[in-house]
Amino acid sequence: MSRATRALRPAVTPILAIVTAFIVGSIFILITDFNNLSKLGTDPAAAIGGALGLIGQAYYAMVTGALGDPDKVGTAITSPTARSVATAIRPLTETLVAASPLIFCGLAVAISFRSGVFNIGVEGQYVLGAFGATVVAILLKDTVPAAVILVAATIGGVLTGALWGFIPGFLKAKAGAHEVITTIMLNYVAAQVVLFGLRSDFLRKAGSSEPISKVLDFVRVPVLIPLPALRLHWGFVLALAMAVVVSWFLFKTTKGFELRASGFNMHAARYAGMSATGSIILAMTLSGGLAALGGSMAVLGDVTQMSNDISTGVGFTAIALALLAGNRPLGIVVASLLFGALSNGGHLMGIKTGIPADLIIFIEALVIMFVAAPGLIRWLYRFDATRMPKRFDDNAAAKEGSAA
Amino acid sequence: MTAASPTFEEVRPELSAAERAAIRSARIRGVVMAALGLFALQFAIQTMDVAATFSFWVDKQGGNTFTIATQVGVLWLLAGVVTGVAGVIQLVRGPSFQWRRALLIVIPFWVAATFAGLLAGKPANVTIVFAGTLTYAAPISLGAFAGILAERSGINNIAIEGKFLMGACAASVVASVTMLALGPAANPTIGVLAGVLAAAVTGILVSLLLAWLGIRWRVDQIIAGIVINIGAVGITNFLFLRILTKQTELNTPPTVENIQVPVLSQIPILGPIAFQGSPYLYFAVIVMAAFAYMLFRTRWGLRLRASGEKPSAAGTVGIDVIKIRYRAMIVAGILAGIAGSSFSLASAGSFQMQMSAGRGFIALAAVIFGAWNPIYAFGAAMVFGFADASQALLSVLGVDVPPQLLNSIPYLVTIIVVAGVVGRVRGPAAAGQPYDQG
Amino acid sequence: MRLELRDITKRFPGVLANDRISISADRGQVLGLLGENGAGKSTLMNILSGLYKPDSGEILIDETPRTFTDPRQAIEAGIGMVHQHFQLVPVFDVVEAVALGAESVSGPLGSFDRKTARARVLELSQQYRLNVNPDAKIEDLPVGVRQRVEILKALYRKSDILVLDEPSAVLTPFETEELFGIIRGLAKDGTTIIFITHKLNEVLEVADKITVLRRGRVAGTVDPKEATRERLANLMVGRDVELTVAKGPAQPRDVVLELSDLHVRDDRGHMAVNGVALQIRAGEILALAGVQGNGQTELVEAIVGLRAVDSGDITIDGKSVTKSTPRQIADLGVAHVPEDRNRDGLIGAMTVAENFILDTYHREPYSNGIRLNRQAIDERAAVAVKDYDVRTPSIHTYAGSLSGGNQQKVVVAREFSRPVRLVIAAQPTRGLDVGSIEYIHKRMVEQRDQGAAVLIVSTELDEVLAVGDRVAVMQGGEIVGVVDGDDATYEKVGMLMGGVH
């Protein structure tokens with residue numbers, strides 16, 4: 001077996017999972033395609049052609065929406081102006097913008113899973129992080145320089161989310177409260193906290209009847225590429241940096257060793273003199289803080305206004321991609337880019353073909369399903385199970401945690 | 001510290017630390033209750049001149065009213081006295097006092113007094129609140145029964161939300177299509193029944209998917225539940241945006257009408273609250289009674305509980321645990337699907353995106369708060385329903401209470417319960433663990 | 001009924017668990033099935049109870065071939081199992097637990113007819129003098145009673161063939177005697193009994209016929225009247241076995257571990273250790289005997305800092321450690337081989353190398369307090385694997401994939417890698433094959449001879465008598481007697497374990 005195939009082995013199941021999910025997605029496009037379906041009786045050739053054409057169009061739109069339109073790229077190369085270049089690379093940068101919160105949240109999920117804690121509360125931690133950042137930013141408005149506001153708001157957001165992770169961690173460690181239940185409930189409490197906060201005139205956009213905050217136009221995470229209409233900011237770089245930090249932390253440090261040991265086997269960790277309860281609390285707090293950092297970057301960088309719509313299910317998508325990546329930080333970056341591309345490309349698909357971008361949510365769910373059931377994939381594709389790499393290390397910790 | 005309490009006595013040395021702790025916490029509880037009683041009396045003095053007017057509809061909603069007019073202070077007085085008495089009994093009886101039961105009596109007084117205090121003299125129609133409580137409780141409790149069934153058989157079920165959503169969508173579409181097919185002259189009940197049936201079938205399919213992933217493919221059941229919850233949002237949003245927004249005739253189902261229960265609906269006051277309501281309510285009550293009996297009194301229940309507590313004990317005496325789990329999941333799917341249909345057929349009159357709005361998780365909360373017991377779970381659903389209905393009333397009457405506070409009650413109560421603050425509840429021991437049979 | 005298994009073969013991936021095994025037992029006969037861990041006893045029983053299907057071979061009941069595809073058929077054929085790990089639903093009461101799967105029902109809904117079931121449980125309990133309260137909740141019952149409930153379960157199903165899998169593991173010698181009485185009574189009434197054990201004395205005492213299994217095969221069938229312990233041990237292991245451990249006389253020096261009036265509670269808040277006072281000196285092995293669940297687990301956890309002490313004091317080399325953390329205690333030179341190595345001793349999903357540093361990862365040279373030093377960790381693992389003869393494909397293999405004996409070697413190697421002053425080993429040889437047992441015992445004696453104080457907690461009388469320089473017996477949370485190693489006999493220690501002072 002060559003090195004290359006060995007390196008690709010762990011990717012076989014995820015890739016097949018994604019392919020299968022898209023096939024199922026296509027089936028749904030087909031059976032809801034009433035235009036072509038109605039022609040099936042009279043002109044089957046045109047119907048089938050039309051239907052397949054639609055799928056092709058849809059996925060093509062998704063790809064160009066995620067990566068860029070070849071025509072526009074061509075224009076940018078032949079006549080490079082600031083505007084044409086920006087137009088050409090905008091889809092790609094938007095993919096990165098969409099990927100950033102996913103990276104933060106995916107890492108948050110991975111830290112908790114690796115520590116044997118099943119943090120389903122990343123969604124709430126992300127939202128509250130953004131909320132915390134918003135509160136601090138508005139509080140400091142016009143008092144200190146924008147850069148100071150930026151740092152303070154980020155710290156405020158991270159602390160808020162860390163607290164929201166600490167609570168279920170503490171309850172699990174000290175009272176044995178199952179984190180799956182508490183984090184699910186805290187997600188909803190977080191949404192209520194945000195709604196409650198946005199009742200006040202202090203936070204709410206003047207004159208609005210909707211629960212949305214004032215626009216944070218006085219503070220902004222610096223953009224990466226100074227071209228018009230590009231939103232990509234340093235939050236993305238921070239996300240990549242966090243992936244490196246988390247990877248180093250988990251696999252190269254003593255604390256990371258403790259977290260993983262407690263995650264795999266809390267009893268043995270305790271017997272070896274580690275503090276299992278401390279590990280649980282630390283993991284949940286770090287997890288909450290990371291998710292909140294993502295939320296803070298989003299509200300201070302590209303969304304610029306707080307509301308409960310700040311998260312489009314980022315916390316749940318993060319669970320999907322953490323599983324997809326086997327809780328490996330590098331894998332999470334790759335998976336986040338993929339999911340970012342999907343959601344970004346999905347918008348263009350919706351505009352161009354009328355196929356709702358929500359199909360992507362469904363496809364995401366299918367991806368998690370297939371990744372979580374590798375046996376199902378093997379069964380579908382009838383390939384030899386014994387030749388598959390063992391995925392023993394990846395999700396075992398999470399499972400052990402959830403069974404406790 | 002607590003030496004001032006009247007029942008203080010020298011702790012005998014042979015008492016274990018656990019017993020000493022029980023006595024200590026009983027004493028603290030007693031003192032706290034007594035103090036709260038005094039607090040209530042303090043409120044009573046301040047609010048003696050504020051009117052509290054509660055009215056009930058006697059024969060039907062919107063009909064004659066029966067009014068109780070009193071002062072907020074009187075309610076506080078009652079609350080204070082009851083709480084104080086409970087506190088004193090607690091101090092006298094010590095750890096043997098059934099304080100949780102006492103709380104069940106004390107809390108309603110506080111709720112009533114707080115309620116009246118918030119209204120500050122505005123007259124309130126209580127029939128709407130109680131009827132609303134029950135209406136809200138019906139789908140929640142059905143969802144909770146689905147959760148109890150699954151977990152008692154040994155399968156974690158956090159996918160109630162997804163089943164609600166899928167059931168709501170299927171019910172609306174199939175009911176609409178049925179009516180389109182039958183023509184405008186057809187009896188809308190047929191359409192409703194078709195919709196409910198479709199919701200039940202959808203619930204079964206979703207439930208079986210969860211069971212299949214968990215049992216056959218050994219997917220962690222929490223993850224399988226997340227898959228279903230996310231997937232349900234994705235697919236229903238997709239269908240709604242792609243089809244239902246354009247072809248609205250596919251999303252205009254006949255609505256479920258309230259039912260007047262013969263004889264019982266004529267009972268004054270009680271009739272308009274409980275017996276002129278939605279068929280879902282009666283269905284939920286019947287299921288509750290049947291399910292409670294089946295679970296605790298029949299062979300089926302015995303085997304179901306064994307599968308969820310110690311599947312190997314069932315397996316070694318020849319019980320097919322896997323089959324029990326699949327069957328339980330089928331019934332759970334029916335219940336959750338039907339509950340889901342109530343959102344589109346009874347409440348809204350059409351399917352809307354994400355219309356279950358987290359109520360599947362409130363049902364999960366009711367499972368836990370109800371200690372995996374159908375009757376208690378129905379009680380839990382009513383508590384959550386009451387919070388919802390009173391929030392609605394307060395906002396209608398223009399009382400400025402943050403709705404988020406009352407909306408958070410189910411979630412906070414659940415966190416408190418799983419953290420064991422008011423005594424721990426224990427779920428089925430083997431829920432979520434795969435079982436290998438031979 | 002006569003039971004015969006003929007040429008049963010069962011293969012698992014990589015293992016031939018049963019290789020043409022033939023055994024038989026006549027009506028009213030007690031067949032003792034003797035074998036080490038891994039000899040194939042459990043597989044054979046799972047085949048007999050319908051949980052596994054044999055690859056080949058026949059099961060004959062009264063000379064009629066039967067095939068069981070699920071447990072129900074085996075039960076219907078009259079086979080009743082008493083599993084080693086009790087198969088009782090903890091939250092049920094006795095009636096429910098016994099009737100489960102064979103419920104009497106009434107009415108259209110299949111209501112459980114508790115009254116009939118209760119009457120029958122009561123009747124059987126009295127008939128066989130099992131003395132079980134039908135309304136008690138299983139989780140509140142002591143293990144000895146739970147076992148009688150298991151026997152009730154078989155009787156309730158009118159089993160003619162009763163299979164008992166390691167039934168004495170959790171019983172006191174006195175309870176074991178009681179059990180033997182019940183077994184003899186049942187056999188006299190015509191029940192065929194298969195008694196599975198690895199304890200030589202027990203088969204010799206109760207069986208009418210002994211079949212010994214070794215590595216999935218029948219090693220021999222003997223008549224207990226003609227058999228001796230040595231002969232059975234030889235058959236079981238395939239070579240002569242030292243039933244004692246080779247060691248010189250102990251040379252006790254200063255006191256290392258001292259417990260004074262120690263009180264410790266279990267998880268449910270009951271006093272599990274009730275006023276224990278004990279001294280262990282450098283250079284001696286103290287074997288702590290006792291039936292499972294008499295406070296030994298809690299005692300060990302308290303000594304190593306995993307469980308809070310209610311009152312009393314623990315000192316190591318004169319220093320009080322009553323309030324110390326596990327790590328502080330380990331740093332005093334305490335090596336701990338935990339009772340449940342899969343749960344507490346190892347992390348199966350981590351590599352062998354990582355498991356070697358589970359309690360030293362925070363120290364030089366394995367880390368500088370923050371960063372792990374992978375190279376030092378791997379070097380250490382390579383040395384330990386060689387020193388302790390751990391059979392593993394690589395130091396980066398997951399510890400969970402090693403055999404039980406090799407896992408225990410990893411644990412022992414790790415614990416003995418630090419300077420050792422005190423060894424606490426709880427059930428160090430449970431579930432191991434004889435070769436590994438001998439190896440572990442040798443290492444324990446080695447530590448003693450190098451001047452460590454050694455505490456071995458065991459429920460196995462054989463082990464206690466073989467390794468202990470002194471034997472202490474724990475019963476009901478108290479030390480009920482300390483016997484000098486030379487004076488310790490089966491009878492003496494056994495009586496103390498059973499509560500006969």
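Proteins get letters first, then strands, A, B, ... in listed order; numbering begins at 1 in each. Every value quoted in this text rests on a predicted model; they were computed, and no experiment measured them.
In terms of non-hydrogen atom pairs under 4.5 Å with chain B, the most contact-rich of C:Gly80, C:Ala99, C:Gly101 is C:Gly101. Looking only at heavy-atom pairs under 4.5 Å with chain B, the residue among C:Val91, C:Asp70, C:Asn46, C:Thr69 that has the most is C:Val91.
Looking at C:Arg157, the atoms closer than 4.5 Å to chain B (heavy atoms on both sides) all sit in the side chain, from C-beta outward. For chain B, no part of C:Lys53 is nearby; none of its heavy atoms comes within less than 4.5 Å. Looking at C:His83, only its side chain comes within 4.5 Å of chain B, counting heavy atoms on both sides. Of the atoms belonging to B:Arg303, heavy atoms from both backbone and side chain fall under 4.5 Å from chain C.
Pairing each heavy atom of C:Leu44 with each of C:Leu33, the nearest pair is CD2-CD2, 4.0 Å.
Side-chain polar atoms of C:Asp313 and C:Thr322 form a donor-acceptor pair below 3.5 angstrom. For the residue pair B:Tyr293/C:Ser111, the side-chain donor-acceptor check at 3.5 Å is satisfied.
A distance-only check finds no donor-acceptor pair linking the side chain of C:Glu298 to the backbone of C:Val273 [under 3.5 Å]. Although no hydrogens or angles enter the test, the distance criterion places no donor-acceptor pair under 3.5 Å between the side chain of B:Thr298 and the main chain of C:Leu109.
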